[in-house]
J.: 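First the structure, then my questions, so here it is.
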Amino acid sequence: MIAATALVEKGRRVEVIDDALTPGGGARAVGVSERYRAVVEAFGAASLVFRSSTVAVGMFGEDVLVVSPERTELLRPTTLVLATGAHDGVLAFEGNDLPGIISARAMGWLLAHGVVPGETIVIVSSEGAGPFGAACEEALRGFGVSVTHEHGVPILAKGGSRVKNVVVRRSEGTEKKLACDLLVVDAPRSPSY
(Lines give C-alpha, C1' and ligand atoms only; values in the text may rest on other atoms or scores of the structure.)
Protein backbone atom coordinates (compact mmCIF):
# COMPACT_ATOMS: atom_id res chain seq x y z
CA MET A 1 0.00 0.00 0.00
CA ILE A 2 2.86 2.38 0.78
CA ALA A 3 4.58 1.59 -2.53
CA ALA A 4 1.31 2.07 -4.45
CA THR A 5 0.69 5.39 -2.71
CA ALA A 6 4.20 6.69 -3.34
CA LEU A 7 4.09 5.76 -7.03
CA VAL A 8 0.66 7.34 -7.57
CA GLU A 9 1.87 10.51 -5.83
CA LYS A 10 4.74 10.60 -8.37
CA GLY A 11 2.24 10.46 -11.24
CA ARG A 12 2.64 6.76 -12.09
CA ARG A 13 -0.19 4.48 -13.17
CA VAL A 14 -0.33 1.59 -10.67
CA GLU A 15 -2.01 -1.81 -10.77
CA VAL A 16 -2.14 -3.76 -7.51
CA ILE A 17 -2.36 -7.52 -8.06
CA ASP A 18 -3.78 -9.19 -4.95
CA ASP A 19 -5.26 -12.59 -4.16
CA ALA A 20 -7.54 -10.95 -1.56
CA LEU A 21 -11.04 -9.68 -2.27
CA THR A 22 -10.45 -6.18 -0.87
CA PRO A 23 -7.42 -3.88 -0.86
CA GLY A 24 -5.21 -3.33 2.14
CA GLY A 25 -3.84 -6.64 3.36
CA GLY A 26 -2.70 -6.50 6.97
CA ALA A 27 -3.15 -2.74 7.02
CA ARG A 28 -6.89 -3.32 7.46
CA ALA A 29 -6.14 -4.98 10.80
CA VAL A 30 -4.33 -1.99 12.34
CA GLY A 31 -6.87 0.71 11.64
CA VAL A 32 -7.17 3.14 8.79
CA SER A 33 -4.65 5.96 8.73
CA GLU A 34 -5.30 9.07 6.65
CA ARG A 35 -2.67 8.01 4.09
CA TYR A 36 -4.17 4.53 3.79
CA ARG A 37 -7.71 5.97 3.49
CA ALA A 38 -6.52 8.15 0.59
CA VAL A 39 -5.12 5.08 -1.19
CA VAL A 40 -8.30 3.05 -0.75
CA GLU A 41 -10.38 5.97 -2.04
CA ALA A 42 -8.07 6.22 -5.06
CA PHE A 43 -8.77 2.63 -6.16
CA GLY A 44 -10.85 2.64 -9.28
CA ALA A 45 -9.37 5.95 -10.44
CA ALA A 46 -7.44 5.89 -13.69
CA SER A 47 -4.08 5.99 -11.90
CA LEU A 48 -4.70 3.19 -9.37
CA VAL A 49 -6.35 -0.13 -10.23
CA PHE A 50 -6.94 -3.00 -7.80
CA ARG A 51 -7.19 -6.50 -9.26
CA SER A 52 -8.76 -8.75 -6.64
CA SER A 53 -8.60 -12.56 -6.62
CA THR A 54 -5.55 -12.29 -8.85
CA VAL A 55 -2.03 -13.68 -8.46
CA ALA A 56 1.29 -13.13 -10.17
CA VAL A 57 2.40 -16.72 -10.67
CA GLY A 58 5.67 -16.39 -12.57
CA MET A 59 8.23 -14.15 -14.18
CA PHE A 60 9.56 -14.77 -17.66
CA GLY A 61 12.26 -12.26 -18.55
CA GLU A 62 10.53 -8.89 -18.24
CA ASP A 63 7.04 -10.42 -18.39
CA VAL A 64 4.88 -11.34 -15.39
CA LEU A 65 2.28 -14.10 -15.72
CA VAL A 66 -0.93 -12.99 -13.99
CA VAL A 67 -3.90 -15.28 -13.34
CA SER A 68 -7.41 -14.35 -12.22
CA PRO A 69 -10.73 -16.20 -12.37
CA GLU A 70 -11.54 -14.27 -15.57
CA ARG A 71 -8.28 -14.59 -17.52
CA THR A 72 -4.60 -15.41 -17.72
CA GLU A 73 -2.27 -12.82 -19.23
CA LEU A 74 1.32 -11.67 -19.55
CA LEU A 75 2.08 -8.16 -18.31
CA ARG A 76 5.23 -6.15 -18.94
CA PRO A 77 5.49 -3.61 -16.11
CA THR A 78 7.72 -0.56 -16.31
CA THR A 79 8.46 -1.00 -12.61
CA LEU A 80 7.73 -4.11 -10.56
CA VAL A 81 7.34 -4.03 -6.78
CA LEU A 82 6.87 -7.38 -5.07
CA ALA A 83 5.13 -7.02 -1.70
CA THR A 84 4.33 -10.62 -0.85
CA GLY A 85 2.83 -10.04 2.59
CA ALA A 86 3.37 -12.35 5.51
CA HIS A 87 1.90 -15.25 7.46
CA ASP A 88 0.98 -14.69 11.08
CA GLY A 89 3.71 -15.80 13.42
CA VAL A 90 3.11 -18.69 15.78
CA LEU A 91 4.71 -19.45 19.11
CA ALA A 92 5.18 -22.96 20.47
CA PHE A 93 3.74 -23.24 23.99
CA GLU A 94 1.69 -25.82 25.84
CA GLY A 95 -1.99 -25.40 25.05
CA ASN A 96 -1.49 -23.20 21.98
CA ASP A 97 -4.17 -25.18 20.12
CA LEU A 98 -7.03 -24.37 22.52
CA PRO A 99 -10.09 -22.61 21.12
CA GLY A 100 -9.94 -18.92 21.97
CA ILE A 101 -6.31 -18.36 20.93
CA ILE A 102 -5.83 -16.23 17.81
CA SER A 103 -3.21 -14.05 16.17
CA ALA A 104 -3.24 -10.31 16.73
CA ARG A 105 -3.69 -9.66 13.00
CA ALA A 106 -6.74 -11.96 12.90
CA MET A 107 -8.11 -10.13 15.94
CA GLY A 108 -7.56 -6.82 14.13
CA TRP A 109 -9.59 -8.04 11.16
CA LEU A 110 -12.41 -9.14 13.47
CA LEU A 111 -12.37 -5.77 15.24
CA ALA A 112 -12.46 -3.96 11.89
CA HIS A 113 -15.83 -5.70 11.36
CA GLY A 114 -17.09 -4.99 14.89
CA VAL A 115 -16.59 -8.57 16.15
CA VAL A 116 -15.16 -9.09 19.65
CA PRO A 117 -14.94 -12.84 20.41
CA GLY A 118 -14.15 -12.49 24.12
CA GLU A 119 -14.83 -10.50 27.26
CA THR A 120 -11.59 -10.98 29.22
CA ILE A 121 -8.80 -10.60 26.69
CA VAL A 122 -5.06 -11.03 27.15
CA ILE A 123 -2.78 -9.77 24.38
CA VAL A 124 0.79 -11.07 24.41
CA SER A 125 3.32 -9.32 22.15
CA SER A 126 6.64 -11.12 21.79
CA GLU A 127 9.95 -9.55 20.82
CA GLY A 128 9.95 -8.58 17.14
CA ALA A 129 6.15 -8.44 16.95
CA GLY A 130 4.59 -5.85 14.69
CA PRO A 131 1.94 -3.19 15.24
CA PHE A 132 -1.03 -5.54 15.59
CA GLY A 133 -1.01 -6.14 19.37
CA ALA A 134 -0.92 -2.42 20.17
CA ALA A 135 -3.57 -1.69 17.52
CA CYS A 136 -5.86 -4.35 19.02
CA GLU A 137 -5.39 -2.96 22.51
CA GLU A 138 -6.30 0.53 21.32
CA ALA A 139 -9.32 -0.66 19.31
CA LEU A 140 -10.64 -2.79 22.18
CA ARG A 141 -10.93 0.25 24.45
CA GLY A 142 -14.13 1.19 22.66
CA PHE A 143 -15.80 -2.21 23.14
CA GLY A 144 -16.18 -2.31 26.94
CA VAL A 145 -14.16 -5.47 27.52
CA SER A 146 -11.33 -6.24 29.94
CA VAL A 147 -7.93 -6.06 28.20
CA THR A 148 -4.46 -6.85 29.51
CA HIS A 149 -1.44 -6.38 27.21
CA GLU A 150 1.77 -8.14 28.22
CA HIS A 151 5.15 -8.06 26.49
CA GLY A 152 6.79 -11.47 26.55
CA VAL A 153 5.81 -14.99 25.51
CA PRO A 154 2.99 -17.28 26.56
CA ILE A 155 4.39 -20.47 28.09
CA LEU A 156 1.21 -22.28 29.15
CA ALA A 157 -2.47 -21.95 28.28
CA LYS A 158 -5.14 -23.95 30.09
CA GLY A 159 -8.81 -24.50 29.51
CA GLY A 160 -11.32 -26.96 28.14
CA SER A 161 -13.64 -26.02 25.34
CA ARG A 162 -12.05 -22.56 25.48
CA VAL A 163 -8.90 -21.01 26.94
CA LYS A 164 -9.39 -20.02 30.60
CA ASN A 165 -5.96 -18.74 31.61
CA VAL A 166 -2.44 -18.20 30.36
CA VAL A 167 0.98 -18.03 31.98
CA VAL A 168 3.16 -15.36 30.38
CA ARG A 169 6.93 -15.05 30.73
CA ARG A 170 7.33 -11.29 30.66
CA SER A 171 10.20 -9.50 28.93
CA GLU A 172 11.92 -8.82 32.27
CA GLY A 173 11.91 -12.57 33.08
CA THR A 174 9.06 -12.81 35.60
CA GLU A 175 6.04 -15.05 35.04
CA LYS A 176 2.42 -14.03 35.48
CA LYS A 177 -0.79 -16.10 35.35
CA LEU A 178 -3.75 -14.27 33.82
CA ALA A 179 -7.39 -15.29 33.50
CA CYS A 180 -8.88 -14.85 30.02
CA ASP A 181 -11.44 -16.19 27.61
CA LEU A 182 -9.44 -14.97 24.60
CA LEU A 183 -5.68 -15.01 24.12
CA VAL A 184 -4.35 -12.79 21.34
CA VAL A 185 -0.77 -13.59 20.30
CA ASP A 186 1.33 -11.02 18.43
CA ALA A 187 4.42 -12.84 17.18
CA PRO A 188 6.84 -11.88 14.38
CA ARG A 189 5.42 -12.72 10.98
CA SER A 190 7.03 -14.88 8.31
CA PRO A 191 7.17 -13.64 4.71
CA SER A 192 4.88 -15.21 2.14
CA TYR A 193 6.56 -16.35 -1.04
Side-chain angles (χ1 to χ4, degrees), residues 1-3 18-37 39-40 52-53 55 82-193:
M1 298 309 298
I2 297 299
D18 199 327
D19 61 346
L21 297 175
T22 56
R28 292 189 318 265
V30 294
V32 180
S33 69
E34 289 306 314
R35 183 175 173 112
Y36 173 72
R37 182 175 288 119
V39 173
V40 172
S52 64
S53 303
V55 293
L82 297 175
T84 60
H87 298 286
D88 289 341
V90 295
L91 299 175
F93 59 93
E94 186 177 343
N96 69 350
D97 60 345
L98 285 170
I101 300 176
I102 63 174
S103 73
R105 185 165 63 164
M107 182 66 183
W109 284 330
L110 289 172
L111 291 170
H113 290 87
V115 177
V116 182
E119 294 178 8
T120 306
I121 301 168
V122 172
I123 301 169
V124 179
S125 294
S126 67
E127 185 176 337
F132 299 106
C136 286
E137 178 182 19
E138 184 176 328
L140 282 165
R141 289 185 189 141
F143 285 96
V145 296
S146 169
V147 180
T148 303
H149 191 175
E150 293 287 339
H151 295 276
V153 293
I155 57 174
L156 172 65
K158 288 190 175 182
S161 61
R162 187 169 183 92
V163 65
K164 295 202 184 308
N165 62 62
V166 61
V167 177
V168 176
R169 182 171 295 125
R170 298 155 130 185
S171 299
E172 68 272 4
T174 61
E175 292 181 5
K176 186 173 183 180
K177 183 177 179 179
L178 299 158
C180 62
D181 63 357
L182 182 69
L183 173 59
V184 178
V185 179
D186 191 12
R189 275 146 298 290
S190 302
S192 300
Y193 295 105

J.: At their closest point, which heavy atom of Ser126 faces which heavy atom of Pro188, and how far apart are they?
T.: OG-CD, 3.3 Å
J.: Listing request: all salt bridge (Lys or Arg N to Asp or Glu O under 4.0 Å) pairs with a residue in residues 181-193, at least two apart in sequence or in separate chains.
T.: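 Residue pairs passing salt bridge (Lys or Arg N to Asp or Glu O under 4.0 Å), neighbours aside: Asp186-Arg189.
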J.: Around atom CD of Glu119, are there more than 12 heavy atoms of other residues, nucleotides or ligands at under 6.0 Å?
T.: no
J.: Can you see which heavy atom on Pro99 is nearest to which on Gly160, and at what distance?
T.: CD-O, 4.3 Å
J.: Run the side chain to side chain donor-acceptor pair (under 3.5 Å) test against Thr84 and tell me which residues pass, sequence neighbours left out.
T.: none
J.: Shortest non-hydrogen contact from Gly133 to Ala104?
T.: N-CB, 3.8 Å
J.: Identify the residue among Ile101, Asn96, Val122 that makes a side chain to side chain contact (heavy atoms under 4.5 Å, CB included) with Val163.
T.: Ile101
J.: Tell me, please, which residues at least two apart from Glu127 pass side chain to side chain donor-acceptor pair (under 3.5 Å).
T.: none
J.: Going by atom type alone, with no hydrogens or angles, which donor-acceptor pairs under 3.5 Å involve a side-chain atom of residues 140-158 and a protein atom two or more places apart or on another chain?
T.:
residue	atom	partner	partner atom	Å
His149	ND1	Glu137	OE1	2.8
His149	NE2	Ser125	OG	2.7
Glu150	OE1	Arg170	NE	3.0

J.: Is there a side-chain contact between Val116 and Leu111 in this structure, where contact means two heavy atoms from C-beta onward sitting under 4.5 Å apart?
T.: yes
J.: Looking only at heavy atoms, which two atoms of Gly108 and Cys136 are closest? And how far apart?
T.: N-SG, 3.6 Å
J.: List for me each residue that meets side-chain contact (heavy atoms from CB on, under 4.5 Å) alongside Leu182, sequence neighbours excluded, and say none if there are none.
T.: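 Once residues adjacent in sequence are excluded, the partners of Leu182 under the side-chain contact (heavy atoms from CB on, under 4.5 Å) criterion are Ile102, Met107, Pro117, Ile121, Arg162, Val184.
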J.: Under 3.5 Å, side-chain donor or acceptor atoms of residues 88-95 against the rest of the protein: list the pairs with distances, not counting sequence neighbours.
T.:
residue	atom	partner	partner atom	Å
Asp88	OD1	Arg105	NE	2.7
Asp88	OD1	Arg105	NH2	3.1
Asp88	OD2	Ser103	OG	2.5

